[in-house]
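Here the structure comes first, spelled out in structure tokens, and everything after it is commentary.
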Amino acid sequence: MTSSCSDFDFALNDKEDPFKLAVPLINSKISLVKVGELIDDGNSSIRIGADGKVTAVYSGEVIRQDASAIFPAYPGIFPFIMTAETTSIKLPLTNSYLIKNAVFKDTKVRFVFEHPSTQDIKVKLKILEVTKDNIVFERDFVMPYGGTSPISFTSEEISLDGMKFKSNNNSLTFVYEATLPDGSSLKLNKAAMLFDFIKFKYLDGYLGYHVFGIDGSAIDVGLFNNWKSGSFNFEDPKIALSVENAFGVPVRSRINKMELTTVTGNTFSLQSSYINTGIDFAYPSFTEVGAIKTTSFFFDKTNSNIQDVFNEKTKTVNYDIDALINPDKDTLIKGFITDDNFFVVKVVVEVPMLGSVNNFVVEDTFDLNLDADVPDEIEKVALKIITSNDFPADVTFEAFMIDQDGKSLGPLFDTPIKLSAAPLKADGTTASATVENTISVYNKAKIDDLLRTKKLYFRGQLNTTDSQNKKTLWIYDRYSIGIKVGAIVDYKVK
């Protein structure tokens, strides 16, 4: 929307004949965005289709989870103790994980050995489930006797980055062989693996059951903010659940609550069979590692009561939704995640501007700066108002003058201005805009009020064509209401 105004400028000369001075005051176009106050905050927007059709979009809170939420790094609080030359130790996994394959990342380990020997000891150690280039992890260590018994030995840090883990039971199998210089074997008094964290850049298997909640969130729908009276009949409002999923595991929404509250304070529950069953979302297969699967599901008039509820003039949509990982807890389902995987859940209210409107009240205020005194030479001022209307709607509006203290100085026009709807073409769009010209003549007292006016307050009412029969029409981005106001000043020199 744009507007412009100009101060009065009086150019007097020495002639006795009346003179006329034309002064532009307002040149404005009110688009649908302004009329409906659709842009209230960063979560609201207008989407324009390729054909110019308008959809209002209101976004809700987003939940985003990365791989660490499903498989966090495990801290090395307790060492892995080897109680025998061959020891199988379970990974510290919870939630019924069953890891089949994995690739380590940022994981460093140390080995600690102890024995009351007075000779050097050689230790050969393997971890059967850990490989690199298909070669089993194997290291050789020497525990030197330094004249003090028992011999205590701690290895340098060893990085497992890029090494693979493969197991059928979440276990690491440690096999060590400790020998003296003469080749005889012995059992160490102490053998353990220490680590800071166990992390993976990739893993697959059954990755557990997880619940991530979006609790108590709300979407503010600004479409009805200015509603005073009348009715709406939007043809196809929608609530969309959108998921971007890079995890190679099943994801399902569980809707605990979906409520719509109206501008009058009434609350209605969204009803749909999908509220009870949940909604499954796509996920990448093992041949699509690194891909992102996007799924959108719409609650619309075909699968819910949203049309009836929304047309009660919805103000907010409140929801409580859980995102479930492996919702069926089927341990036979093999999935995968990588360290950069994520999923994002978003809730969106979409309102295609297709429908009918009765008695929709529109309000707006324009700044005006005509700070001047009325010279005695002024005889009269005629306001010329040119209005144009592209909308398929009859429009009636009136304007009021407001002074610097916010006090009303009375109506700008003697009677409300009426605009007829633009005529419809066969395709349901409007033809050329209807244009109306109005001239209002003001005496000196009203001129003085106009010159003291700092704001013009407009109030309008819209009724779409044949709205009494709920005729559905699209609103296009090119539709607008144009207002031009100019003053024709008559004056003479005394």
Side-chain angles (χ1 to χ4, degrees), residues 59-74 91-102 170 200 202-219 238-260 269-300 303-304 306 317-350:
S59 301
E61 180 181 338
V62 174
I63 180 173
R64 181 185 179 99
Q65 296 290 351
D66 57 25
S68 63
I70 293 182
F71 200 95
Y74 285 95
L91 292 174
L93 302 181
T94 59
N95 211 14
S96 302
Y97 288 99
L98 180 57
I99 307 304
K100 293 289 188 178
N101 299 280
N170 293 337
F200 296 106
Y202 169 89
L203 53 86
D204 64 47
Y206 178 68
L207 303 181
Y209 170 75
H210 305 268
V211 179
F212 301 105
I214 315 175
D215 186 18
S217 302
I219 300 175
K238 303 172 183 177
I239 296 177
L241 293 181
S242 176
V243 171
E244 294 181 9
N245 181 27
F247 294 137
V249 293
V251 179
R252 178 182 299 162
S253 72
R254 181 174 66 193
I255 301 171
N256 304 314
K257 180 182 72 174
M258 186 75 74
E259 293 180 343
L260 289 78
S269 294
L270 187 70
Q271 298 175 2
S272 171
S273 60
Y274 293 96
I275 298 291
N276 302 320
T277 62
I279 304 157
D280 292 323
F281 295 98
Y283 57 95
S285 68
F286 278 93
T287 61
E288 299 173 308
V289 176
I292 299 173
K293 292 290 187 177
T294 300
T295 307
S296 293
F297 176 86
F298 293 93
F299 289 103
D300 57 26
N303 59 27
S304 72
I306 186 173
V317 176
N318 302 282
Y319 55 91
D320 179 356
I321 301 174
D322 292 332
L324 310 182
I325 301 296
N326 281 323
D328 296 324
K329 303 180 183 180
D330 186 350
T331 58
L332 298 179
I333 294 178
K334 186 179 179 183
F336 72 85
I337 59 173
T338 66
D339 61 321
D340 59 356
N341 279 172
F342 65 90
F343 77 84
V344 174
V345 180
K346 190 173 187 179
V347 183
V348 177
V349 177
E350 296 187 5

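- We find the CG-CD1 distance between L260 and I306 to be 6.0 Å, quoted to the nearest 0.5 Å.
- Between F71 and Y74, the ring-plane angle classifies as perpendicular under the 30° and 60° cut-offs.
- Atom NZ of K100 sits about 13.5 Å away from atom CG of L203, to the nearest 0.5 Å.
- Between F343 and F281, the distance from one ring center to the other does not fall under 6.0 angstrom.
- Residues P284 and K293 approach most closely at N-CG, 3.6 Å, considering heavy atoms.
- Contact between F342 and V344 at its shortest, heavy atoms only, is CD1-CG2, 3.8 Å.
- Within a 6.0 Å sphere centred on CZ of F297, other residues, nucleotides and ligands contribute more than 12 heavy atoms.
- Side-chain contact check for D300 versus E350: every heavy-atom pair is 4.5 Å or farther apart.
- Among all heavy-atom pairs drawn from A218 and N318, the shortest one is CB-OD1, 3.2 Å.
- Distance CD/Q65 to CG/N341: 13.0 Å, rounded to 0.5 Å.
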Original post:
Checking side-chain contact (heavy atoms from CB on, under 4.5 Å) for the pair L241/I321: CA distance, chi angles, key distance, verdict?
Top reply: CA-CA 10 Å; L241 293 181; I321 301 174; 3.6 Å; yes
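- Judged by distance alone, with hydrogens and angles left aside, the side-chain atoms of D322 form no donor-acceptor pair with the main-chain N or O of L324 at under 3.5 Å.
- Residues A282 and N245 approach most closely at O-ND2, 3.2 Å, considering heavy atoms.
- For the atom pair OH (Y283) and CD1 (I325), the distance works out to 11.0 Å, reported to the nearest 0.5 Å.
- Contact check for I337 versus F200: no side-chain heavy atoms found under the 4.5 Å cut-off.
- Between P250 and D328 the shortest side-chain heavy-atom distance does not fall below 4.5 Å.
- Across every non-hydrogen atom of I255 and I279, the tightest pair is CD1-CD1, 4.3 Å.
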**OP:** Go through the steps to decide whether L207 and I99 satisfy the test side-chain contact (heavy atoms from CB on, under 4.5 Å), and finish with yes or no.
**Re:** CA-CA 7 Å; L207 303 181; I99 307 304; 3.9 Å; yes
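- Between the CD atom of E244 and the OG1 atom of T295 there is a distance of 10.0 Å, given to the nearest 0.5 Å.
- Between the side chain of N303 and the main chain of S273, no donor-acceptor pair closer than 3.5 Å is present.
- Summarising the geometry, atom CG belonging to D204 is positioned 4.5 Å from atom CG belonging to N101; distances are rounded to the nearest 0.5 Å.
- Pairing each heavy atom of F336 with each of S285, the nearest pair is CE2-O, 3.3 Å.
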**OP:** Before giving the answer on side-chain contact (heavy atoms from CB on, under 4.5 Å), spell out for I239 and V317 the whole-Å C-alpha distance, their side-chain angles and the decisive distance to 0.1 Å.
**Re:** CA-CA 9 Å; I239 296 177; V317 176; 3.9 Å; yes
